[in-house]
Amino acid sequence: MDISVLFKMAAIGIIITIICQILKKSDRDDIATLVSIVGLVIVLAVVVGMIGDLFSQIRTVFNL
């Protein structure tokens, strides 16, 4: 795992937070909720991909 992945996830979180705050100030709470859900799905997709890589590396180490 590279530290840059953590920085990318943090950057996504900061950008999503800023967008949500702007939308909430504009009385667009429903769109702000949708944006936060999309941000969560993006980060979860990255994490699931990393877990998949971890399992494939474990398989190669133990010859499974």
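On a predicted model such as this, the values are computed, not experimentally measured, just so you know.
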message = Do Val48 and Met50 sit in one hydrophobic cluster, given that two such residues count as connected whenever their side-chain heavy atoms are within less than 4.5 Å of each other, even indirectly?
response = no
query = Val47 versus Met9: any side-chain heavy-atom pair under 4.5 Å?
reply = yes
ask   = Say you draw a straight line from CZ of Arg59 to CG of Leu54; how long is it, rounded to the nearest 0.5 Å?
value = 11.0 Å
query = Applying the 4.5 Å side-chain criterion to the ILVMFWY set and letting contacts propagate, would Phe55 and Val61 be lumped into a single cluster?
reply = yes
Taking distance alone, no hydrogens or angles, what donor-acceptor pairs closer than 3.5 Å link side-chain atoms of residues 11-26 to residues at least two apart or in another chain?
{"from": "Thr17", "atom 1": "OG1", "to": "Gly13", "atom 2": "O", "distance (Å)": "2.7"}
{"from": "Ser26", "atom 1": "OG", "to": "Ile22", "atom 2": "O", "distance (Å)": "3.0"}

query = Same hydrophobic cluster for Ile51 and Leu6, using side-chain heavy-atom links shorter than 4.5 Å among ILVMFWY?
reply = yes
Results of side chain to side chain contact (heavy atoms under 4.5 Å, CB included) for Phe62 - residues two or more places apart only = Ile58, Leu64
ask   = Quick one: do Val46 and Val43 end up in the same hydrophobic cluster if we chain Ile, Leu, Val, Met, Phe, Trp and Tyr together by side-chain heavy atoms under 4.5 Å apart?
value = yes
request  = Hey, could you give me the CG/OG1 distance between Asp30 and Thr33, rounded to the nearest 0.5 Å?
outcome  = 7.0 Å
note = side-chain hydrogen bond (donor to acceptor under 3.5 Å, both in side chains) filter on Ser4, not counting sequence neighbours, yields Asp2
query = In terms of hydrophobic clusters joined by side-chain contacts under 4.5 Å, are Leu40 and Ile37 together?
reply = no
task = Looking only at non-hydrogen atoms, find the nearest pair between Asn63 and Thr60 and report the distance.
result = OD1-O, 3.3 Å
